[in-house]
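Take a look at the structure set out below.
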Amino acid sequence: MSTRSTLILAMLLALLLCAFPRPAAAGCPEVLAFLADKAVGATCFHADDLRVPNPATPPVTPANNSITTFADGTPLPGPTAFLSAFSFTPVTDLGVISNGPAPTSSAVPGIQVEGWFAHDPTNEARFLLRFPDTWNGKLVVAGASGTRSEFNGDWAWSDYVLPQGYAYASQNKGVLNLYFASLASATQPATDPLACRLNPSSTLWAHFYDNDPQKPFTQWTQYMILTTFLAKEAVRVNYHHHPHRTYAVGTSNGGYQVRRALEEAPELFDGGVDWEGTFIDPRGPNILIDLPPAIKNFPDYVASGFDPNSQAAQNIMAAGYPPDIVNKTVTPTDSLWLRYSNSFWEVTACQWQERFDPTYNTYGSGLGNYDYLSRIHTVHGVFRSVDKVETTGDIGKPLITVAGTMDALLPIKRGARAYEARVLASSRHHHDGDGKDDREGDHQDRDHPAYRLYEVQNGNHIEANALVFPQLVVIQKHAQNAFDLLVDHVEHHEKLPPSQCIPKGGAISQSPTEPGHCANLFVP
């Protein structure tokens with residue numbers, strides 16, 4: 001049969017299918033019955049609007065601290081109820097990676113399903129499913145940033161794809177968030193050797209659930225894949241049909257989940273978008289190498305009066321970090337680096353060091369002095385444990401990375417560009433003998449999936465920072481645009497715009513003014 005005849009036959013088949021109405025969606029009773037042996041404490045309700053800003057009862061994003069026990073009913077840990085109250089913070093979580101929901105004009109009625117995975121021995125792993133009444137036949141599966149809950153992507157992703165008719169699924173990487181070991185301790189509490197203080201001057205000490213021995217970071221990939229299996233089957237039960245297309249999306253550690261899913265189980269997906277995904281190479285770069293120089297030099301930088309020409313500032317930028325943005329019109333002086341130091345640098349380094357190298361004297365020897373490259377040669381198991389969670393770049397389906405040049409948690413030179421290099425190296429390894437670089441190709445097979453890196457000029461890791469530093473640019477709209485471009489590429493064979501620097505005030509373009517990497521990390 002000729003190609004033309006095949007296309008005509010496919011069109012006629014599509015018209016015939018459209019001529020017969022699809023059976024109505026099954027609804028909560030059938031989905032809950034399907035989940036009976038797969039979930040614990042599953043709940044399901046129909047909402048007039050599955051978007052977050054609505055008066056639904058119960059709300060589609062539950063209140064902070066609305067979970068007070070594990071799946072088996074055991075109370076959450078913590079010396080007091082208040083100290084355990086930060087284990088589940090969905091309302092806080094949705095604003096961590098987003099400044100607000102994507103604007104849409106109409107409500108999205110449908111069902112929402114929440115629950116715990118039945119076979120998690122720690123009783124922490126959770127999932128979220130949202131199925132609109134009017135379905136477009138496709139599914140989006142979201143990762144979760146940081147140690148956030150399955151509601152982390154509600155504004156950034158759920159509110160964007162649901163109005164387009166996509167079914168939506170998310171998960172919490174198999175772990176709850178954190179509880180406080182102490183609210184007022186000058187030193188690490190003796191009762192909790194895994195506790196991390198929130199910043200160098202803090203007396204608050206947090207215990208992250210994913211530092212517990214039974215919660216290795218390898219589970220992040222496992223739960224992204226498991227949730228995809230679960231969601232696909234639940235879609236089949238609800239709509240009487242498996243999804244025709246499945247896409248992965250995620251931010252930060254959720255972006256890492258997208259990358260690893262397309263590396264480890266590409267057959268489950270048709271493509272993915274990672275926004276500021278975490279890069280891990282056991283030989284470097286990785287967080288254990290990149291954060292110590294910032295932690296070590298930052299006090300001297302502050303002592304210099306935030307002098308960009310100080311040796312401390314030069315040392316931080318030499319480690320791959322973008323330049324600081326300083327505001328001396330307020331008292332005390334505010335700066336972008338200061339905000340990262342107060343909220344992310346030390347506590348993130350602690351979390352990762354306690355996971356991969358727990359014998360290191362975190363606060364005695366100091367996180368600023370942590371030397372990963374030395375430790376992997378002297379401490380058994382450190383390299384091997386990091387190697388297990390490596391981002392290989394060997395993706396099996398099309399992937400788009402969207403990253404900001406002013407990211408001061410996962411610097412673009414050490415993160416997004418490093419991952420692009422890994423994808424390029426993997427593409428060369430799989431080349432078909434012509435010696436050509438397939439990074440900018442539009443191949444759909446396992447060896448040559450399309451990959452793009454869209455750099456957002458002046459974008460940073462935390463969207464809320466753009467509210468106080470007007471020089472910064474929000475990334476969310478570009479990540480969502482990248483998703484639409486990915487769908488057009490997969491489903492309509494549209495050519496993806498080349499990797500490029502998205503200028504301030506600009507958009508992803510088929511003919512970019514600055515292809516490749518941004519020439520400058522910061523443009524005033």
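Residues: numbered from 1 along the sequence shown.
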Backbone of Ile475 reached by a side-chain donor or acceptor of Glu463 within 3.5 Å: yes
Side chain to side chain contact (heavy atoms under 4.5 Å, CB included) assessment of Trp275 paired with Trp157: CA-CA 11 Å; Trp275 164 4; Trp157 294 115; 3.9 Å; yes
Backbone of Ile287 reached by a side-chain donor or acceptor of Arg414 within 3.5 Å: no
Under 3.5 Å side-chain donor-acceptor pair for Glu124 and Asn172: no
Residues Gln311, Asn315; criterion side chain to side chain donor-acceptor pair (under 3.5 Å); working and verdict: CA-CA 6 Å; Gln311 186 61 54; Asn315 290 343; 2.8 Å; yes
His461 backbone acceptor or donor facing Glu276 side chain under 3.5 Å: no
Qualifying residue for salt bridge (charged side-chain N to carboxylate O under 4.0 Å, His left out) with Asp154, from Arg130, Arg51, Arg148: Arg130
Sidechain-backbone polar pair: Asn199 side chain, Ser341 backbone, donor-acceptor under 3.5 Å: no
Pair Tyr321-Phe298, ring pair (Phe, Tyr, Trp, His ring centres under 6.0 Å): steps then yes or no: CA-CA 12 Å; Tyr321 287 80; Phe298 188 71; over 10 Å; no
Enclosure of Lys38 NZ (heavy-atom neighbours >12, cutoff 6.0 Å): yes
CA sep, side-chain torsions, deciding dist, call: Arg422, Glu263, salt bridge (Lys or Arg N to Asp or Glu O under 4.0 Å): CA-CA 12 Å; Arg422 292 300 296 271; Glu263 292 168 357; over 6 Å; no
Side-chain (Gln351) to main-chain (Asn211) donor-acceptor, under 3.5 angstrom: no
Tyr160 ring center near Tyr166 ring center (under 6.0 Å): no
Among Thr227, Leu128, Leu129, side chain to side chain contact (heavy atoms under 4.5 Å, CB included) partner for Gln171: Thr227
Gap between atom OG1 of Thr378 and atom CG of Asp371 - 0.5 Å precision: 8.5 Å
Main-chain N/O of Tyr340 paired with Ser343 side-chain donor or acceptor, under 3.5 Å: no
Ring centre gap for Tyr247 and Phe269 strictly below 6.0 Å: no
Nearest non-hydrogen partners of Ile97 and Ser145, listed with the distance: CG2-OG, 3.4 Å
Gln314 side-chain N/O to Pro308 backbone N/O, donor-acceptor pair under 3.5 Å: yes
Expected output: side-chain Asp212 to main-chain Gln214 donor-acceptor under 3.5 Å: no
Approximate separation, where rounding is to 0.5 Å, of Ser170 OG and Phe127 CZ: 11.5 Å
Derivation of the side chain to side chain contact (heavy atoms under 4.5 Å, CB included) call for Trp155 and Thr61: CA-CA 10 Å; Trp155 276 346; Thr61 301; over 6 Å; no
Residue pair Val389, Trp220: steps toward the side chain to side chain contact (heavy atoms under 4.5 Å, CB included) verdict: CA-CA 9 Å; Val389 294; Trp220 297 2; over 6 Å; no
Worked check of side chain to side chain donor-acceptor pair (under 3.5 Å) between Thr147 and Asn177: CA-CA 5 Å; Thr147 56; Asn177 189 11; 2.4 Å; yes
Positive for side-chain hydrogen bond (donor to acceptor under 3.5 Å, both in side chains) with Arg339, one of Asn460, Asn465, Asp334: Asp334
Over all atoms of both residues, closest heavy-atom pair of Tyr179 and Asp192: OH-OD2, 4.3 Å
Heavy atoms from other residues, nucleotides or ligands near NZ of Lys388 exceed 12 (cutoff 6.0 Å): no
Check: Asp274/Thr401 side-chain N/O donor and acceptor closer than 3.5 Å: yes
Any donor-acceptor pair under 3.5 Å from Lys173 side chain to Gly146 backbone: yes
From Tyr223, Tyr256, Phe356, residue fulfilling ring pair (Phe, Tyr, Trp, His ring centres under 6.0 Å) relative to Phe217: Phe356
Atom of Glu114, atom of Pro62 and distance for their closest heavy-atom approach: OE1-CG, 4.4 Å
Leu409 side, atom CG; Asp290 side, atom CG - distance, nearest 0.5 Å: 10.0 Å
Between OG1 on residue Thr348 and CZ on residue Phe208, distance to nearest 0.5 Å: 7.0 Å
Flag if over 12 foreign heavy atoms under 6.0 Å of OH, Tyr363: yes
Stepwise salt bridge (Lys or Arg N to Asp or Glu O under 4.0 Å) test for Lys215 and Asp120: CA-CA 10 Å; Lys215 283 297 177 184; Asp120 170 28; 3.1 Å; yes
Worked check of side chain to side chain donor-acceptor pair (under 3.5 Å) between Asn481 and Tyr454: CA-CA 11 Å; Asn481 185 23; Tyr454 298 140; over 6 Å; no
Nearest-0.5 Å distance that lies between atom CZ in Arg259 and atom CD1 in Ile395: 10.0 Å
NE2 on His380 to CZ on Arg375, rounded to 0.5 Å: 13.5 Å
Side chain to side chain contact (heavy atoms under 4.5 Å, CB included) evaluation trace for Leu336 with Leu472: CA-CA 10 Å; Leu336 185 64; Leu472 296 176; 4.0 Å; yes
Any donor-acceptor pair under 3.5 Å from Asn327 side chain to Thr329 backbone: yes
Aromatic plane relationship, Trp345 with Trp337 - under 30° parallel, 30 to 60° tilted, over 60° perpendicular: tilted
